[in-house]
Amino acid sequence: MQRSVRLKSFELFARDINDVDVALLHALSISVRWPHRPKDWDLLRRAGHGIVAVDGIGRVFGSAMWFPHGNDFATIGLVITTPRTQAQGGGRWLMDQVLERCGDRNLALNSTHVAYPLYVSLGFTSEAIVYMRQGEAPQALSSMPALDGDLGDLPNDTLSEITALDARAFGTDRARLLALLAEDASIATLSRGGEIVGYSMCREFGRGFVIGPTVARNDQDAVHLTAAHLKKLQGRFVRVDTRERDGVFAEFLQQSGLGIAETVTTMSKGRRFLNRDSNEPWVYGLAGHALS
Ligand SMILES: CC(C)(COP(=O)(O)OP(=O)(O)OC[C@H]1O[C@@H](n2cnc3c(N)ncnc32)[C@H](O)[C@@H]1OP(=O)(O)O)[C@@H](O)C(=O)NCCC(=O)NCCS
């Protein structure tokens, strides 16, 4: 595998993402109008691995990250090249580096429209649309379905109570990622008969807050778990990434002022990623665009 690539006047080299100043990563994401703060990059760097494309004097022109879960799965994200270097082969080169490092892991990612042809050409196939919903949390929530169970708060040092539930919904154990997210998140739970049947995290991200992951058994439960956070965020900017196109949960988000800002496509390579089973819990809100 080639270790450098020449882009017109640029020769870029791959460096570990931990070896560059977070301010350079922040400038990179701003260049493509992504909302990540330096703190968000720091969290992502702790959650996974990544490379940056740098020139001979250390300027950053691109990035790509991967987040391994268990022994045989990883999600990919933060694939960025600066506008001035785009369409010159840098994105493909970054992805080749990532695929080499991920070996034979099964992979999933959420592709933007502009990146879609690149991922198709690398063997990724489409599974679902993700609706990136955002807006200001309303002063009062619209009418909600009946609550079946008891809502509560999970102290973030008792995560073991939700990791098995999450693995059933996500398809792979991601306890390490949940522990990292929980450091700065509030966690709502829904219990029935003394058993936790759903949970939802909310943490600061980008321009405001992201509500996710949200794992629930049905739309009604997902509404109540999400509402538990929205009630505390009146007037604040909130984002929810969901694969629910319609139904009670999607309608609730719409009525709560969280309109669809953009869509991305969940894609996988290797084993199928999304395997919905009506008897099992489901991921109603994603942990984040890059984290799936
Ligand atoms: C997506 C992105 C990383 C691609 O990076 P890039 O450096 O432009 O990628 P490449 O030059 O290697 O091009 C890869 C493929 O994209 C397509 N492509 C790139 N630029 C294109 C353009 N201007 N018109 C049409 N197709 C284009 C081509 O299919 C190309 O394939 P090829 O190698 O067969 O020509 C970059 O556009 C970007 O950072 N976009 C904003 C952030 C983003 O959406 N990231 C993706 C997150 S999932």
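Counting starts at 1 for both ligands and their atoms, following the listed order. We count residues from 1, following the sequence as given.
The shortest N or O to N or O distance between Val114 and ligand 1 is not below 3.5 Å. Polar contact with ligand 1: present for Gln88 (N/O pair, distance under 3.5 Å). An N or O contact shorter than 3.5 Å is missing between Asn110 and ligand 1 by distance. In terms of polar-atom proximity, defined here as any N/O pair under 3.5 Å, Leu118 makes no such contact with ligand 1. Between Ala115 and ligand 1, a contact under 3.5 Å exists for no N or O pair. The distance criterion of under 3.5 Å between nitrogen or oxygen atoms is met by Ala87 with respect to ligand 1. Polar contact with ligand 1: absent for Ser111 (N/O pair, distance under 3.5 Å).
Judged purely by distance below 3.5 Å, without hydrogens or angles, the side chains of Arg133 and Thr242 never pair a donor atom with an acceptor atom. Between the side chains of Asp150 and Ser191, no donor-acceptor pair of N or O atoms lies under 3.5 Å. Using modelled atom types and a 3.5 Å distance limit, the side chains of Ser292 and Asn110 yield a donor-acceptor pair.
Proximity annotation for atom 4 (C) of ligand 1: of Thr81, Val264, Leu78, Thr81 comes nearest, heavy atoms only.
Aromatic rings of Phe73 and Phe273 (six-membered ring for Trp) have centroids within the 6.0 Å cut-off, being under it.
Cation-pi geometry between Arg276 and Tyr284 is met: the NZ or CZ atom falls under 6.0 Å from the ring centre, inside 45° of the normal.
The protein heavy atom nearest to atom 28 (C) of ligand 1 is Pro117 CB, 4.9 Å. Counting protein heavy atoms only, atom 44 (O) of ligand 1 is closest to Thr112 OG1, 2.7 Å.
Partner of Tyr199 under the side-chain hydrogen bond (donor to acceptor under 3.5 Å, both in side chains) criterion, out of Thr189, Asp166, Thr214, Thr163: Asp166 alone.
When non-hydrogen atoms are compared, ligand 1 lies under 4.0 Å from neither the backbone nor the side chain of Trp93.
Between the His229 side chain and the Ser200 main chain, a donor and an acceptor come within less than 3.5 Å of each other.
Relative ring orientation between Phe170 and His69 is described as perpendicular, the plane-to-plane angle rising above 60° on a 0-90° scale split at 30° and 60°.
Within ligand 1, counting atoms from 1 as listed, the ones closer than 4.0 Å to a heavy atom of Val32 are 41 (C). Annotation for ligand 1: atoms under 4.0 Å from non-hydrogen atoms of Gln86 are 7 (O), 8 (O), 36 (C), 37 (O), 38 (C), 39 (O), 40 (N).
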